[in-house]
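In what follows, a structure is listed as structure tokens, so that the remarks can point back to it.
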2 protein chains.
Amino acid sequence: MERVSRQACFGGWQDVYRFDSKSLAGSATVGVYLPPQAEQRKLPVLYWLSGLTCTEQNFISKAGAQRYAAEHGVILVAPDTSPRGDQVADADRYDLGQGAGFYLNATRQPWAAHYRMYDFVVEELPGWIESHFPASDRRAISGHSMGGHGALVIALRNQSRYRSVSAFAPIVAPTQVPWGELAFSTYLGEDRLSWQDYDATALLTRLGWRHGSILIDQGEADDFLDSQLQPQRLREAAAAVNAPLHLRLQPGYDHSYYFIASFVGEHIAHHAAALQD
Amino acid sequence: MERVSRQACFGGWQDVYRFDSKSLAGSATVGVYLPPQAEQRKLPVLYWLSGLTCTEQNFISKAGAQRYAAEHGVILVAPDTSPRGDQVADADRYDLGQGAGFYLNATRQPWAAHYRMYDFVVEELPGWIESHFPASDRRAISGHSMGGHGALVIALRNQSRYRSVSAFAPIVAPTQVPWGELAFSTYLGEDRLSWQDYDATALLTRLGWRHGSILIDQGEADDFLDSQLQPQRLREAAAAVNAPLHLRLQPGYDHSYYFIASFVGEHIAHHAAALQD
């Protein structure tokens, strides 16, 4: 593993690492924020999954989350959003290929060779974090847009591995909206039954949620709200299975990091409470 | 004037405006954060001057300052760092020309036609802010690196216009270091006497400071500390004239926005106290 950068931040360290990933069959880039408490003891970890076009940089440079992580003693882990590199398949659009991994294991070629972000985030990344840093196995997960989709899907399918989940403006029903339909048909093929394992609304209906409240913030001025996000679908599923969903519609807020920055402190407080022993 | 963007942020609005500037003989771009209290009453203003290569975007997207401005009820105003455009003189380097205005009034051609950031920040910008927004004439000023230089110079020369000044990793003695020597000889010419009006250390020695503590944070791991910043020069000047300088050397911190984000809350609290009626 290589430490790409290290910068002091709120009494701790904002690092970026690169290491060889088996899941991705290539190198993975990951932002890791170690709050000051990491000098003394093992800490719980909040995984953050970013949205379309993002790398690990967006969250670590724009969300202002380190302040709250330092307050609560939580490690923040923010991976890049897809495999990268010349040898990795790509598409000439922002919502497919590099920067648009959708946190799934692709089954179609040429994607299947590297696009295994689901395995990477669920298994390999926590294993790497917990063996290289003062990190406990108490895990929470959150994300934005495509990353909100990833966080919900991963938490719902791995309820023994995550104690808490939240999301900002997530794609809650990718099988029903253009971003998801394009990505899933490309990465998974036309068998729509296989898509259900990556659809948070379908998963919540099927599996429920055994932990505390699922916190979701959604801006009402988000340009993608009606076409791609449709949080009411998840609300209906939660109501049907009596799952504890706390969906907050935030007037005036759009899809940007100004929205995330405004509420990420409350999300980190929410996760920190769930991550306490 | 044109509103380039408006985004909800911490209960207020992060806006960017563009308007025709007389000082710059062209358009000026300015970030304006209006905290929620601006709906009710006139608020004091903190002006932020950014460093080399920056536009108005760096501070508004990376510093996380809006949270503190919303807590304290302070408007944040962050102008671009120079005149811009095809008709504006430029240089093929990062530390001269567009993005490197050094907050002075150039006297040499071709720079003198547009490079009048001193007049812009001291006169035109506050006039524009106070006539278009719920802004009082209670002003504070801060900045980073080249912008820390600008904030100190502007506050020291206009002590009746600013109640408070602070800086992050400022160029405190530009007449003594390479960045300043290049910029001043280019923009002002070889008469070094004329440079003294833009040197914070010389100005503090000459004029003193009539208000409360000048707060300066400087990272000890800053790559530019010894070559370009040299805060001990300002400390010596402050000691000689008995000026209230609070210079904090911060172990581990570098020159980046992670450093600014870590301490900007304390700077805003410092200014908010000085700006109270």
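Basis for what follows: all heavy atoms, side chains included, without hydrogens, waters or symmetry-related copies. Letters go in sequence order (proteins before strands), and every chain restarts at 1.
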Comparing A/Gln7, A/Gln250, A/Lys62 against chain B, the one with the most heavy-atom pairs below 4.5 Å turns out to be A/Gln7

Shorter than 4.5 Å, heavy atoms on both sides: which option in A/Ser61, A/Ala63, A/Gly64, A/Gly11 has the most such pairs with chain B? A/Ser61

Does A/Gly51 offer a backbone N or O that forms a donor-acceptor pair with the side chain of A/Ser145 under 3.5 Å? no

Tell me, side chain or backbone of A/Tyr257 under 4.5 Å from chain B's heavy atoms, or both, or neither? neither

Would you say the ring centroid of [X] lies under 6.0 angstrom from that of [Y]?
X	Y	value
B/Phe224	B/Trp179	yes
A/Trp48	A/Phe168	yes
B/Tyr17	B/Phe133	yes

Among B/Gln14, B/Gln66, B/Arg6, which residue has the highest count of heavy-atom pairs closer than 4.5 Å to chain A? B/Gln14

Within 6.0 Å of CD in A/Glu39, more than 12 heavy atoms from elsewhere: no

Side chain, backbone, both or neither: which part of B/Ile260 has a non-hydrogen atom closer than 4.5 Å to chain A? neither

